[in-house]
Amino acid sequence: MAQLTVTLPDGSKREYETGTTLEQVAESIGKRLAKEALGAKINGKVVDLSTSLKEDADIEILTFDSPDGKEIFRHSASHIMAQAVKRLFPNTKYAIGPAIKDGFYYDFEVETPLSPEDLEKIESEMTRIVSEASDFKKSEMKIADAIQYFKDRDDPYKVEMMEEWQAQGQETVSIYNQGDFTDLCSGPHIPNTQFLKSFKLLSIAGAYWRGDSNRQMLQRVYGTAFFKEKDLKAYLNRLEEAKKRDHRKIGKELDLFSFHEEGPGFPFWHPKGAILFDILLKIIRQENDRQHYQEVKTPIILNESLWHASGHYENFKENMYFTEIDERDYAVKPMNCPGHCLIYKNSLHSYKELPIKISEFGLVHRHELSGVLHGLFRVRNFTQDDAHVFCMPEQLKDEIVKCIEYTARIYKMVGFEKYNVFIATRPEKSIGSDEDWENATAKLKEALEELGLPYEIKEGEGAFYGPKIEFNVEDCIERNWQCGTTQVDFSMPGRLGLTYEGSDGKKHTPVMIHRAILGSMERFIGILIEHYAGKFPLWLSPTQVRLIPIHEKQHDYARNLEKILMDESIRVDIDFRDEKLGYKIRKSQLEKIPFMVILGDKEMEEKTLSIRSRTQGDLGTSDLESFIQLLKKENTLNSN
RNA sequence: GCCCACGUAGCUCAGUGGUAGAGUUCUUGCAUGGUAAGCAAGCGGUCACCAGUUCAAUCCUGGUCGUGGGCUCCA
């Protein structure tokens, strides 16, 4: 037998006989690796472990620890699920079943919709399949034969896919089977079904065939799988943790906001939620002032002609609300930019004035499909911390840089240390020349590169008038949330007739940057609620201090203290209820109030306060002045 | 918008083809308290809405509205 040399990721080389399988290679490297090996890479290409070596190559054995290993593992899990479904519901037709982030799914067309009880049955059947310990076997088939095979099996979705590949000139396809189940699949797969010990089916949902809303609605079953039971448990715990933080639940518990049938997707802010809103607004307003933004207020409803001129009617109509006033057509603003342009246009501008920065906490309305509404995260009206920077082209990059730095600083201030950046490029529905788009996109990249910020591209996800930088904040359980944007717009100023007089005495068209930092105030508050799980830091807590008199005798003492604390701008209230101390503490604790002040005879006589912290419990007695100092010390934003 | 599930007291939820229950909140008594629930009574519901089936519907059927999970990650 001829010898060949494989090179492992650490650079070491090993000799094997031609025809040695990767499984054997794994065994020769180590027992433990062989036990955990799921697949392998030959010269960077992912393959089954059963693949045999034909020539010298770079080899990497894949375990669950690698992203490729996870994908192989979960993709195989989806096949095992499909096999279980086949046994339970023999007439099922199969679409696709890929691995996804944190799990897998498979799309089926079933005769009767699947129920949650069906999930349990499918899980049990999967367990049986795992215990049957069938090997995954790969074979090649001529595409025409495969089409016939799947036609005979009445699997139209597979046939549709293969007919497309055939039209593209593909000649063969690969087929995998494990036990009594055969599926079209490019693989690779785990060697044997018995590898899949730790899995869980999570939910059933509808999903359109090929994501096209005009086509067949399929049943999608979501699941997840891990190599080790311990990791599955940890993942399920994380899901539980996320559920506990759900802002819709906490918002109700803390009486922050509500939704009503009378206005689906339109949030109602209750007094305590309005405080959160106002705190954020004040932070942004103060920072805007420092950056020389000029705050304005513009109308909610404006004549439709403006929206035709701006391009919104043509490109954003589906998301807009329309109305009629005195037999003329009006639209409810989905964005603030045209209004700001009207303000800009209201007077003549010299190049010496630029950049002009106009900001607004603008309430915009956007029609969203009923099925996508989701608490504060997806609403039909929301307040943007919006601003538009009108500048000369040569100022553009510096202004973008300032917007980015500003955005990052705010995130840090309110508690998000980490954020991720994307550039979203030209979408299908858009206005402006290719040249302008390229130019604008290049400017965004330049600015990010100057700041040394890594970014990823999101193709075709820009606004209709220009590309955007998207900022995603990462919360404390590592979820990403899209918040702010910085967008460059070469179109709208021209379309709406904006000009400035240059040093050459001629009229020029300014460039416009659209920027928002929190994005939607509503959404951002939702994110903060989940990030902090409702346990807001002192600066954000709607009620910062609760005074708890033990007996009616201390009520006046409490009122007196309340007044002093209020004069210090501390948000304070008193629990006057005729209840025992333990009861009142419990209530405050459940309301997640940072500080409780217990007031009894002792405190009243000694003119002291007994402090209890939400997190640390009883802090002992203090005098009023020290308590105020303690609050002031803790009541600061990050890195102010 | 589409698919599936859900909608019972302010809140969290049981329940039944014969017009409803618990805990909590709230009100009122009693208890006058020391760091996460004192005792008792009471108030509170057109069982989302509209039709239909039925002697009888909160329950069954259909529709409407709302809520939830999805509908991007291409064998």
Side-chain angles (χ1 to χ4, degrees), chain A residues 71 75 78-79 82 94-107 109-110 112-116 118 146 150 155 157-162 164-165 170 173-176 183-187 189 202-222 243 246 248-249 252-253 255 258-265 318 367-375 458-461 548-554 577-591 596-603 610-614 616-621:
Chain A
E71 190 175 333
H75 179 197
S78 107
H79 271 241
Y94 295 82
I96 57 168
I100 52 174
K101 186 179 180 295
D102 295 334
F104 62 88
Y105 68 78
Y106 211 117
D107 285 347
E109 185 191 323
V110 286
T112 47
L114 296 170
S115 67
D118 291 331
F150 282 95
D155 253 330
Y157 302 104
K158 302 283 183 192
V159 171
E160 181 181 325
M161 286 187 285
M162 283 188 287
E164 273 178 30
W165 301 338
Q170 191 172 326
V173 293
S174 58
I175 303 287
Y176 274 82
D183 198 1
L184 172 71
C185 185
S186 61
H189 278 292
L202 298 171
S203 62
I204 313 162
Y208 298 111
W209 168 232
R210 299 197 147 176
D212 182 344
S213 55
N214 297 314
R215 302 204 61 178
Q216 178 76 29
M217 175 65 76
L218 304 170
Q219 293 261 302
R220 175 171 296 179
V221 178
Y222 282 97
K243 222 173 172 180
D246 192 315
R248 294 166 299 186
K249 181 170 163 278
K252 204 182 263 182
E253 286 166 359
D255 196 19
S258 60
F259 286 92
H260 302 272
E261 278 200 27
E262 290 81 352
E318 279 69 40
H367 179 69
E368 301 286 355
L369 293 179
S370 60
V372 308
L373 300 177
H374 182 95
K458 285 189 180 175
E459 292 295 346
E461 293 198 20
I548 304 180
I550 291 174
H551 185 270
E552 206 178 330
K553 284 183 286 184
Q554 295 98 28
R577 279 180 299 188
D578 191 12
E579 293 287 351
K580 286 197 169 173
L581 179 58
Y583 178 89
K584 296 199 213 182
I585 286 175
R586 180 174 159 78
K587 290 293 168 191
S588 296
Q589 209 57 58
L590 291 174
E591 285 180 57
M596 285 156 255
V597 175
I598 318 298
L599 304 168
D601 281 337
K602 191 164 68 93
E603 288 77 9
S610 185
I611 316 294
R612 183 186 163 95
S613 131
R614 172 182 69 191
Q616 295 155 274
D618 192 351
L619 296 182
T621 52

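Chain letters run A, B, ... following the sequence lines, proteins first and then strands; every chain starts at 1.
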Sugar-phosphate, base or nothing in reach of S610(A), heavy atoms under 4.0 Å: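 S610(A): base contact, heavy atoms under 4.0 Å.
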Taking atom [atom2] of [N] as reference, at what distance in whole Å does atom [atom1] of [X] sit?
{"X": "K587(A)", "N": "A37(B)", "atom1": "NZ", "atom2": "C1'", "value": "7 Å"}
{"X": "D618(A)", "N": "U35(B)", "atom1": "CG", "atom2": "P", "value": "8 Å"}
{"X": "E579(A)", "N": "U27(B)", "atom1": "CD", "atom2": "P", "value": "10 Å"}
{"X": "L202(A)", "N": "C4(B)", "atom1": "CG", "atom2": "C1'", "value": "16 Å"}
{"X": "L590(A)", "N": "U25(B)", "atom1": "CG", "atom2": "P", "value": "11 Å"}
{"X": "N214(A)", "N": "G1(B)", "atom1": "CG", "atom2": "P", "value": "16 Å"}

Taking a pair as Watson-Crick or G-U wobble with both distances under 3.5 Å, which nucleotide is matched to [N]?
{"N": "G45(B)", "value": "none"}
{"N": "G34(B)", "value": "none"}
{"N": "G7(B)", "value": "C65(B)"}
{"N": "G21(B)", "value": "C13(B)"}

Donor/acceptor link under 3.5 angstrom from Q554(A) side chain onto base of G34(B):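 Check fails, no donor-acceptor contact within cut-off.
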Presence of R577(A) side-chain N/O under 4.0 Å of U25(B) phosphate oxygens OP1/OP2: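 Answer no for this pair, as no side-chain N or O of R577(A) is under 4.0 Å from OP1 or OP2.
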Mutual orientation of the aromatic rings belonging to H75(A) and H189(A) [parallel < 30°, tilted 30-60°, perpendicular > 60°]: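 Correct class here is tilted.
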Whole-angstrom distance between A40(B) and U25(B), as gauged at atom P: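 A40(B) and U25(B) have their P atoms separated by 13 Å.
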P-based separation of U16(B) from U58(B) [nearest Å]: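 To the nearest whole Å, 16 Å.
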Summary of protein contacts for nucleotides 70-75 of chain B, nucleotide by nucleotide, where a base hit scores B, a sugar-phosphate-only hit scores S (4.0 Å, heavy atoms): BBSSSB
Contact letters for nucleotides 5-15 of chain B, in which S counts primed atoms plus P, OP1 and OP2 and B counts the base, heavy atoms under 4.0 Å: --B---SS---
